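Below: the structure, in structure tokens.
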Number of protein chains: 2
Amino acid sequence: MTKEAPATGDQRRTQLLRGVLDLCLLSLIEERPRYGFELAEALAAGGLEPVSDGSIYPLLARMERAGLISSYRAPSPTGGAPRKYYRLTDAGCAELGRGRADWLAFAGSAGRILTATTQSTGEHST
Amino acid sequence: MTKEAPATGDQRRTQLLRGVLDLCLLSLIEERPRYGFELAEALAAGGLEPVSDGSIYPLLARMERAGLISSYRAPSPTGGAPRKYYRLTDAGCAELGRGRADWLAFAGSAGRILTATTQSTGEHST
DNA sequence: CCCATTGCCTTGCGGCACAAGATAGTCGGC
DNA sequence: GCCGACTATCTTGTGCCGCAAGGCAATGGG
């Protein structure tokens, strides 16, 4: 066979990530300063399948360039290359707030459409 | 100007759509046969901002090619070009089921990460 | 006959997750 | 001392897809 293997479910997660990955990072960074490797682990621990570091580092760079986060370097206590910690800026904090609202609104609408046909009455928005 | 206007919120919705737009269409079609124009309206009515038809038609074509939906033409009762109705195939129905599960799992994880840190000591800005 | 409306489809663009690989710093074994 | 292993960051090329804008087709009314 040529190359079919749609792997539908796998690809959907990738597409879903596009909308919330930046927000997740922002949210995790809000908790406390974090570095790239740690973020990948935290995402996996949070229930999202492992996100490749090739997605995380460019995204962090973009967000820093956008002024949403700032970074500083610190040596690795376990030995190894120095870590680059990120923390939220004011703008990043504001953006995170907006993003959370966006996500809630969107997830609500989408979820409603996706489950609307199984039942029709009685739903509430939180 | 080369590039400007981040329009953050606007773009986020676009990225979010990637993960669920196909599922939404599938879900709406499951309810009853629908045609392109109608789907755009249904999405808007469902709470999602208007999705451009330039996104919907190619997606429908892709899904038909993938065997998830099938189509038939019928004249427009209100006068105008004939409509192209889509209905779910077996595969489409199965895919919709998988997709719903994927969405629920993903939305759960993402939502958890996004709201995990909100409650701690002192959140006062608002 | 002409034109507005309804409805479908195509092209060019831009953004992003991903795989794979390169780079750098530190440590332990030999 | 040198080499391999581990930690951690960054870069390039690829493919996917929503979107804006524009074009085509069919119908019915002025």
Side-chain angles (χ1 to χ4, degrees), chain A residues 3 5-8 10-25 34-43 48-66 71-86 106 110, chain B residues 1-25 34-43 48-66 71-86 106 110:
Chain A
K3 46 127 177 236
T8 32
D10 214 33
Q11 171 159 4
R12 172 140 31 239
R13 194 191 61 90
T14 290
Q15 303 299 342
L16 285 169
L17 264 184
R18 292 191 179 225
V20 288
L21 183 53
D22 54 343
L23 254 36
C24 288
L25 294 186
R34 308 241 200 185
Y35 61 102
F37 239 65
E38 185 187 3
L39 287 167
E41 289 168 6
L43 286 175
L48 299 183
E49 319 267 323
V51 179
S52 112
D53 58 303
S55 306
I56 293 181
Y57 288 115
L59 178 51
L60 286 170
R62 254 178 269 139
M63 293 199 295
E64 181 170 22
R65 216 174 295 124
S71 64
Y72 62 95
R73 288 189 177 271
S76 167
T78 72
R83 299 171 174 174
K84 195 169 177 183
Y85 284 89
Y86 292 91
F106 185 90
Chain B
M1 352 235 114
T2 47
K3 68 154 207 164
E4 193 45 52
T8 31
D10 213 32
Q11 172 159 4
R12 173 142 28 241
R13 196 190 62 91
T14 290
Q15 302 299 342
L16 284 170
L17 265 183
R18 290 196 178 215
V20 288
L21 183 51
D22 54 343
L23 255 34
C24 287
L25 293 186
R34 308 241 201 186
Y35 61 101
F37 242 65
E38 186 188 1
L39 287 166
E41 289 167 7
L43 287 175
L48 299 182
E49 318 268 322
V51 180
S52 110
D53 60 306
S55 305
I56 293 182
Y57 288 115
L59 177 51
L60 286 171
R62 253 178 272 140
M63 293 198 294
E64 181 170 22
R65 217 173 296 126
S71 65
Y72 61 96
R73 287 188 180 271
S76 167
T78 72
R83 298 170 175 175
K84 193 169 177 183
Y85 284 89
Y86 291 92
F106 184 90

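This is a predicted model, so every value here is computed, not measured.
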Distance test, side-chain N/O of Ser76(A) to OP1/OP2 of dT7(D), below 4.0 Å:
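Answer no for this pair, as no side-chain N or O of Ser76(A) is under 4.0 Å from OP1 or OP2.
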Hey, is the side chain of Gln11(A) poking within less than 4.0 Å of OP1 or OP2 on dG15(D), counting only N and O atoms?
no
Classify the nucleic acid contact of [X] as base, sugar-phosphate or nothing, counting any heavy atom under 4.0 Å across all strands shown.
X	value
Arg83(A)	sugar-phosphate
Gly36(B)	sugar-phosphate
Pro58(A)	base

Interatomic distance, [X] [atom1] vs [N] [atom2] [rounded to whole Å]:
X	N	atom1	atom2	result
Tyr35(B)	dA26(D)	OH	C1'	15 Å
Tyr86(B)	dG7(C)	OH	P	14 Å
Arg73(A)	dT7(D)	CZ	P	18 Å
Arg65(B)	dC9(C)	CZ	P	11 Å
Leu16(A)	dC16(C)	CG	C1'	14 Å
Arg62(B)	dG15(D)	CZ	P	16 Å
Glu49(A)	dC18(C)	CD	P	11 Å
Gln15(B)	dC17(D)	CD	P	12 Å

Measure the spacing between [atom1] of [X] and [atom2] of [Y] and express it to the nearest 0.5 Å.
X	Y	atom1	atom2	value
Arg12(B)	Leu23(A)	CZ	CG	4.5 Å
Ile56(B)	Leu21(B)	CD1	CG	6.5 Å
Glu38(B)	Leu43(B)	CD	CG	10.5 Å

Within the 4.5 Å heavy-atom criterion, are Leu17(A) and Phe106(B) side-chain neighbours or not?
yes
With no angle test and no hydrogens, is the base of dC16(C) tied to the side chain of Arg18(B) by a donor-acceptor pair under 3.5 Å?
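There is none.
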Select one nucleotide: of [options], the one nearest the side-chain heavy atoms of [X].
X	options	answer
Thr14(A)	dG7(C), dT11(D), dC18(C)	dC18(C)
Leu21(A)	dT6(C), dA17(C), dC9(C)	dA17(C)
Asp53(A)	dT7(D), dC8(C), dC10(D)	dC10(D)

I want to confirm an ordering. Mapping Pro50(B) and Lys84(A) to their closest nucleotides on DNA chain D, which one lands closer to the 5' end?
Lys84(A)
Relative to the 5' end of DNA chain C, which residue comes earlier, Pro82(A) or Ser55(A), by the nucleotide with the nearest heavy atom?
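Its nearest nucleotide lies further toward 5', so the answer is Ser55(A).
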On DNA chain C, more 5' by nearest nucleotide between Asp22(A) and Thr78(A) is Asp22(A)
Could you label the plane-to-plane angle of the Tyr35(A) and Tyr85(A) rings as parallel, tilted or perpendicular, counting under 30° as parallel and over 60° as perpendicular?
perpendicular
